[in-house]
Amino acid sequence: MPTELLISRSAGRTATALRENGVTVEIRVEDDGAPLAVGAVVKGRVSKILPGIQSAFLSVGDERDAFLHAADLLLPEEAPPAGTEADEASDPDAEFERSADRPSRRASSGPPIEQRLREGRELLVQVAREALGAKGPRVTSFVTLAGRYLVHSPRLPHRGVSRRIVDPEARARLRRMAASLPAPQGGFIVRTAGAAASPEAFEADARALVRTWSGVEARAAAARTPSVVHADLGLFLRTLRDLTTEEVDRIVVDDDALLEEGRDYLRELDAVLAAKLSRHTGAGSLFDAHGVTADIDKALRPRVWLRSGGTLVIEPTEALVSIDVNTGKFVGSRRQEDTVLRTNLEAAEEIARQLRLRDLGGIIVVDFIDMVSAEHRRQVIDALALALRRDRARTKIAGLSELGLLQLTRKRTRPGIAAALTRACDACSGTGRVKTPETVAHEALDEARRVAAAMGEQEVVVRAHPEVARAARLQSQVERGPGALAGRLRIVEDPGGPIDRFDVVAG
């Protein structure tokens, strides 16, 4: 299918948009110089050890300490864990994939973490997942460095091939090439982009990665704690590095400096890909011309309309993402089962796109419209699985629960597009709802009574939003008995104030 990559940079922010068949399927946004991005190697200090959950927290220079699980810990004096094949444990071509995800799938068989670590010890770790919400970044000792054709794991002596390369003969050939790569320590995993690379290209990539790691170790030895000693490429160059020539038909940038930067980077790395790089020349902005700006606005809304008239309602929470499928305006054919199936099939395709577009991850629960037929349920699950194959992030469908909810997981290492572009509402504190004027008026009068009780006979002034003020006047007019504020209360309207805020002062 025709695929294009659009890159825009302005005011210290880089944004990329991947479009397939004229539809935006991925959007990534990154501020220049963002601290503790995925892939950063940090020299940190153990601040706390939690034996109860076999974890530790590290001071890494961020507002929140980083989380390190025992299964992600490998000390310099310890031997690397045995029995884990690199290509079975990690897919280096999954979006933002790090080897940190490997240890989470194997039990930590060594001594407990409290016997391996002491508070105050310095460790060299890599950011595997950026800070999300109230959680700090997650880090790992299993550092990986990504090149064009290879991923280097300095602390794991394994040689493997990306699982995205499925041809058995190609895998065997690439495994032999990886096994012959010289390295004083560590291992290599062949990336998808290396499927057609020559042995000479592999060796050059391997030498560059080994030199990079030597530089990281040298800087770490001299650096203060905590500090970042290595950062991955920025979003633009990282995207170019991780692309294969066959994945994209053209690459368009909106800035002369970006064009030159991209050409310099690709000139010797991939001449074919460099030839696909061009400059946007239209009158309007690059994203406006291709409808990406409108797609970003839609990606920040919870409701998604399907072509048939059905809807998706997408609600990310701290624990999981819930997606509700509804028929909406679609009434379909005479048979209800056919209407439901058609809506669910269309929803499955759109859900896969929305997960990529919004970069949602973690546990995802989908409430499809109830289907009586087992064959229809199978068709919907198969349609979702097929659509998810285009996703570079690792996904896994767990199946239908007893309640008829479809469960799946998607690898999450960065905040989604909404977290990158928005913040919690100052009025509702992120709940999405505000109190009614009557509720706020009741609270304001309660506060006024407390102030009046402490201030003797002085007048009490309530300043509030006009709707709240009107409700407060109505409520105060019917008050009777002890504590009533009749004759001592003055209510002032504040048109500029938020509806759920008020001030109470003595006059």
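Heavy atoms only: backbone and side chains are in, while hydrogens, waters and symmetry mates are out. The structure displayed is predicted, hence computed values, not measured ones.
- Distance alone, capped at 3.5 Å, is enough to place a donor-acceptor pair between the Lys276 side chain and the Val248 backbone.
- Put simply, the side chain of Arg175 never gets that close to the backbone of Gly160: no donor and acceptor are under 3.5 Å apart.
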*Please walk me through it: do Arg410 and Arg356 pass side-chain contact (heavy atoms from CB on, under 4.5 Å)?*
CA-CA 10 Å; Arg410 184 175 187 271; Arg356 297 174 66 189; 4.2 Å; yes

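- A donor-acceptor pair is defined here as one N or O able to donate and one able to accept, closer than 3.5 Å; no such pair exists between the side chain of Arg238 and the backbone of Leu240.
- The shortest distance between side-chain heavy atoms of Leu150 and Val190 falls below 4.5 Å.
- Side-chain contact check for Asp65 and Ser59: no donor-acceptor pair (N or O, by modelled atom type) lies under 3.5 Å.
- Glu30 places a side-chain N or O within 3.5 Å of a backbone atom of Leu235 that can act as its donor or acceptor partner.
- No donor-acceptor pair under 3.5 Å is formed between the side chain of Arg159 and the backbone N or O of Gly187.
- Nearest heavy atoms, Val292 versus Ala17: CG1-CB, 3.8 Å.
- Closest approach of Ile113 and Gln54 over heavy atoms only: N-OE1, 2.8 Å.
- Summarising the geometry of Asn344 relative to Val380, their closest heavy-atom pair is CB-CG2, 3.7 Å, with the distance given to 0.1 Å.
- With 3.5 Å as the limit, one finds a donor-acceptor pair spanning the side chains of Arg19 and Thr24.
- Here the straight-line distance linking atom CD1 of Ile364 with atom CG of Leu408 works out to 4.5 Å at 0.5 Å rounding.
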_Working for side-chain contact (heavy atoms from CB on, under 4.5 Å), residues Leu68 and Val46_ = CA-CA 9 Å; Leu68 174 69; Val46 178; over 6 Å; no

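- Ion pair Arg241/Asp270 not flagged as a salt bridge, since none of the NZ, NE, NH1 or NH2 atoms sits closer than 4.0 Å to an Asp/Glu carboxylate oxygen.
- With Glu78 contributing its side chain and Leu75 its backbone, the two residues share a donor-acceptor pair below 3.5 Å.
- A donor-acceptor contact shorter than 3.5 Å is absent between the side chain of Arg64 and the backbone of Pro137.
- Looking at Arg9 and Thr14, their side chains do bring a donor and an acceptor atom within 3.5 Å of each other.
- Across every non-hydrogen atom of Leu209 and Gly147, the tightest pair is CD2-N, 3.7 Å.
- Look at Asp359 and Arg414 and you find no salt bridge, because none of the NZ, NE, NH1 or NH2 atoms lies under 4.0 Å from a carboxylate O.
- Other residues, nucleotides and ligands place more than 12 heavy atoms under 6.0 Å from the CD atom of Gln115.
- Annotation for Leu237: atom CG counts as buried by contact number, over 12 foreign heavy atoms lying within 6.0 Å.
- Lys43 and Thr225 get closest at one heavy-atom pair: CE-OG1, 3.1 Å.
- At a cut-off of 3.5 Å, with distance as the only test, no side-chain donor of Glu20 or Thr3 sits close to an acceptor on the other residue.
- With respect to the salt-bridge test (charged N to carboxylate O, under 4.0 angstrom), the residues Glu315 and Arg301 do not qualify.
- With salt bridges taken as basic N to acidic carboxylate O contacts below 4.0 Å, none links Glu260 and Arg263.
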_What verdict does the side-chain contact (heavy atoms from CB on, under 4.5 Å) test give for Thr395 and Lys411, after you've listed the backbone C-alpha separation in whole Å, the side-chain angles of each residue and the deciding distance to 0.1 Å?_
CA-CA 6 Å; Thr395 58; Lys411 179 67 178 176; over 6 Å; no

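- Here the side chain of Arg164 pairs no donor or acceptor atom with the backbone of Arg191 at under 3.5 angstrom.
- The nearest pair of heavy atoms linking Val41 to Gln126 is CG2-NE2, 4.1 Å.
- Considering only heavy atoms from C-beta on, Leu400 comes within 4.5 Å of Ile381 through its side chain.
- For the pair Arg148 and Asp205, the salt-bridge criterion is not met [side-chain N within less than 4.0 Å of a carboxylate O].
- A donor-acceptor pair under 3.5 Å links the side-chain atoms of Thr140 to the main chain of Phe142, judged by distance alone.
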_I'd like to know whether Leu273 forms a side-chain contact (heavy atoms from CB on, under 4.5 Å) with Ile251, so could you lay out the CA-CA distance, the side-chain angles of the two residues, the decisive distance to 0.1 Å, and finally the verdict._
CA-CA 9 Å; Leu273 200 60; Ile251 306 168; 4.0 Å; yes

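- Using cut-offs of 30° and 60° for the angle between ring planes, the Phe67 and Phe57 rings count as perpendicular.
- Residues Ser401 and Gln407 have side chains that never bring a donor and an acceptor to within less than 3.5 angstrom of each other.
- Judged purely by atom type and a 3.5 angstrom limit, His69 has no side-chain atom pairing as donor or acceptor with the backbone of Leu73.
- Considering Thr293, Asp288, Asp254, Asp255 in turn, Asp254 is the only one that fulfils the side chain to side chain donor-acceptor pair (under 3.5 Å) rule with Ser8.
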